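Got a structure here, written out as structure tokens. Questions coming.
FYI, side chains are in, hydrogens and waters are out, and symmetry mates aren't considered; it's all heavy atoms of this structure. What you see is a predicted model, and the numbers here were worked out from it, not measured in a lab.
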Amino acid sequence: MKKWLQLSLTLFIAISMMVACGSQEETENPNDTKQAQSQNNEDNKQEGAPEETAFPVTVTDALDNEITIDAKPERIVSLIPSNTEIAYALGLGEQVVGVTDFDNYPEEALEKEKIGGMEINLEKIISLQPDLVLAHESTAVSSKDSLDQLKEAGLTVLFVNNATSFEDVYRSIELVGEATGTSEKAGEIVASMKDELQKIKDMAATIPEENRKKVFIEVGAEPEIYTTGTNTFMHEMLEAINATNIAEDLEGWQPMTEEAIVEKNPDVIITTYGYYTPDAAEQVLAREGWSQVTAIQSKQVYDVHSDLVARSGPRLIEGVKELAKAVYPDVFKDL
């Protein structure tokens, strides 16, 4: 599998750096802080502002750990781009103090302190003094030692679930919202996503069965071609727009031979690596032995940004829209 695909599916492989544990001195009188928070809550009620979540809160993360968060997090480090996008969508951009080398959205995230890429910098994370570290279930085993060291250093580490469906993404957003006192905003985001997805499904329902298109999604280029089967966002997206995934007999991210692709004869081919290979679509159109494929003959080969269709955050709906407009431009021209 291409390096870029590996980076998008799993981040932060085992790290062996050792760090010393330390304690941070209190800079405020806890009683004074509680009194100030109480007064702020009263002021908000009087002004009709939304009431914030009362802390401390106890949440159950993706590893079934019960995590108690004493106060609303003011310094957050995110260990995977999807968590960063969720945090920003929840209005927590100012609280985010550290992100990975792979974080590229929103633009403001590019200015945040970097805490590493495939290997996270434990000393850097600890130096940022976060009161919440947003980890990810997909790295719970591969980076266990490193993440354990963060917890041993006194940091609160919350594992967000590994999402492979829209329902999973909704749970991720709600979990981060619950942990950060932004449950109301999380609920609004989830409701909006569900509403937008249903609108797309309603539009797709008008497509006659005889006009249903067969689609091949290429997530990894030659010489080893990878595609997306069931239990992935992209497959669910194709179902939502009333298209057939020619790789529906596969599960997850799987290799597929050129012979099998040509035999299944897709009507549309979607690439998702144009960000790394700008002429991705042109390369597919020029492949030897593919000239009789319907998508090649009709030049129905398009690139969709991988972050929109593979990153488990609020922008997945934008990914569905882009995919819909590529496969059925007439039906979804007004999206």
Side-chain angles (χ1 to χ4, degrees), residues 1-9 164 200-201 203-311 316 318-335:
M1 187 182 295
K2 292 285 185 179
K3 181 179 179 181
W4 69 267
L5 179 59
Q6 293 174 323
L7 299 183
S8 69
L9 298 178
T164 59
I200 294 169
K201 289 180 177 180
M203 295 174 71
T206 66
I207 300 170
E209 185 63 28
E210 61 269 22
N211 293 341
R212 185 182 177 98
K213 292 185 179 181
K214 296 184 298 180
V215 180
F216 171 64
I217 298 181
E218 184 168 299
V219 297
E222 297 178 290
E224 192 171 32
I225 298 176
Y226 270 77
T227 190
T228 175
T230 58
N231 292 327
T232 63
F233 294 121
M234 297 181 203
H235 179 78
E236 189 173 356
M237 289 174 175
L238 290 177
E239 289 185 322
I241 67 171
N242 202 10
T244 299
N245 181 5
I246 70 165
E248 63 185 1
D249 56 332
L250 303 176
E251 182 175 357
W253 313 90
Q254 295 287 343
M256 194 169 182
T257 66
E258 292 194 51
E259 292 77 13
I261 298 166
V262 171
E263 181 180 351
K264 289 182 179 289
N265 191 28
D267 300 303
V268 180
I269 295 175
I270 302 292
T271 63
T272 65
Y273 50 90
Y275 180 81
Y276 311 92
T277 309
D279 62 343
E282 288 76 10
Q283 288 187 18
V284 172
L285 285 166
R287 280 180 184 157
E288 185 176 351
W290 288 43
S291 61
Q292 298 305 307
V293 173
T294 299
I296 303 298
Q297 291 182 333
S298 60
K299 299 189 184 305
Q300 301 295 297
V301 181
Y302 308 100
D303 186 78
V304 175
H305 199 297
S306 61
D307 290 351
L308 296 180
V309 292
R311 187 172 289 178
L316 276 180
E318 295 305 313
V320 181
K321 292 179 180 179
E322 292 301 308
L323 196 61
K325 288 186 286 188
V327 177
Y328 297 113
D330 294 335
V331 176
F332 296 102
K333 60 184 178 182
D334 294 328
L335 277 182

Step by step, would you call Asp267 with Gln300 a side-chain contact (heavy atoms from CB on, under 4.5 Å)?
CA-CA 7 Å; Asp267 300 303; Gln300 301 295 297; over 6 Å; no
Begin from the C-alpha positions of Gln292 and Val262 and carry the test side-chain contact (heavy atoms from CB on, under 4.5 Å) through to its verdict.
CA-CA 8 Å; Gln292 298 305 307; Val262 171; 6.0 Å; no
Show your reasoning for whether side-chain contact (heavy atoms from CB on, under 4.5 Å) applies to Thr271 and Gln283.
CA-CA 10 Å; Thr271 63; Gln283 288 187 18; over 6 Å; no
Nearest 0.5 Å, what's the NZ-CD distance between Lys264 and Glu248?
7.5 Å
Specify the closest pair of heavy atoms between Ile241 and Ile207, including all atoms of both residues, with the distance to one decimal.
O-CD1, 3.7 Å
Please assess Trp290 against Val301 for the test side-chain contact (heavy atoms from CB on, under 4.5 Å), listing each intermediate value before the final yes or no.
CA-CA 12 Å; Trp290 288 43; Val301 181; over 6 Å; no
If I take atom OG1 from residue Thr272 and atom CD from residue Glu218, how far apart are they, to the nearest 0.5 angstrom?
8.0 Å
So, taking the atom named CD in Glu282 and the one named NZ in Lys299, what distance separates them when rounded to the nearest 0.5 Å?
10.0 Å
With a 4.5 Å cut-off on side-chain heavy atoms, are Val284 and Phe216 touching?
no
Student check: side-chain heavy atoms of Ile296 and Ile269 closer than 4.5 Å
yes
If I take atom CG from residue Leu316 and atom CD from residue Glu236, how far apart are they, to the nearest 0.5 angstrom?
9.0 Å
Closest approach of Ala247 to Met256 (non-hydrogen atoms, all atoms of both residues):
CB-SD, 4.2 Å
Can you confirm whether Val293 sits close enough to Pro266 that some side-chain heavy atom of one is under 4.5 Å from a side-chain heavy atom of the other?
yes
Using a 3.5 Å distance criterion without hydrogens, assess whether the side chain of Asn265 forms a donor-acceptor pair with backbone atoms of Thr294.
yes
Is it true that, when you exclude Glu210 itself, more than 12 heavy atoms of the residues, nucleotides or ligands shown sit nearer than 6.0 Å to its CD?
yes
Indicate every side-chain donor-acceptor pair of residues 227-234 with a distance under 3.5 Å to a residue at least two apart or in another chain.
from   : atom 1 : to     : atom 2 : distance (Å)
Thr227 : OG1    : Ile217 : O      : 2.5
Thr228 : OG1    : Thr232 : OG1    : 2.5
Thr230 : OG1    : Leu250 : O      : 3.2
Asn231 : ND2    : Glu251 : OE2    : 2.6
Thr232 : OG1    : Gly229 : O      : 2.7
Thr232 : OG1    : His235 : N      : 3.3

Contacts table for residues 323-335: side-chain donor-acceptor under 3.5 angstrom, sequence neighbours left out:
from   : atom 1 : to     : atom 2 : distance (Å)
Lys325 : NZ     : Glu322 : OE2    : 3.4
Tyr328 : OH     : Lys213 : N      : 2.8
Tyr328 : OH     : Asn242 : O      : 2.8

If you look at every heavy atom in Ala240 and Ala204, which pair is closest and at what distance?
O-CB, 3.4 Å
At their closest point, which heavy atom of Asp249 faces which heavy atom of Ile246, and how far apart are they?
OD1-O, 3.9 Å
N/O donor-acceptor pair under 3.5 Å between Thr277 side chain and Ala280 backbone:
no
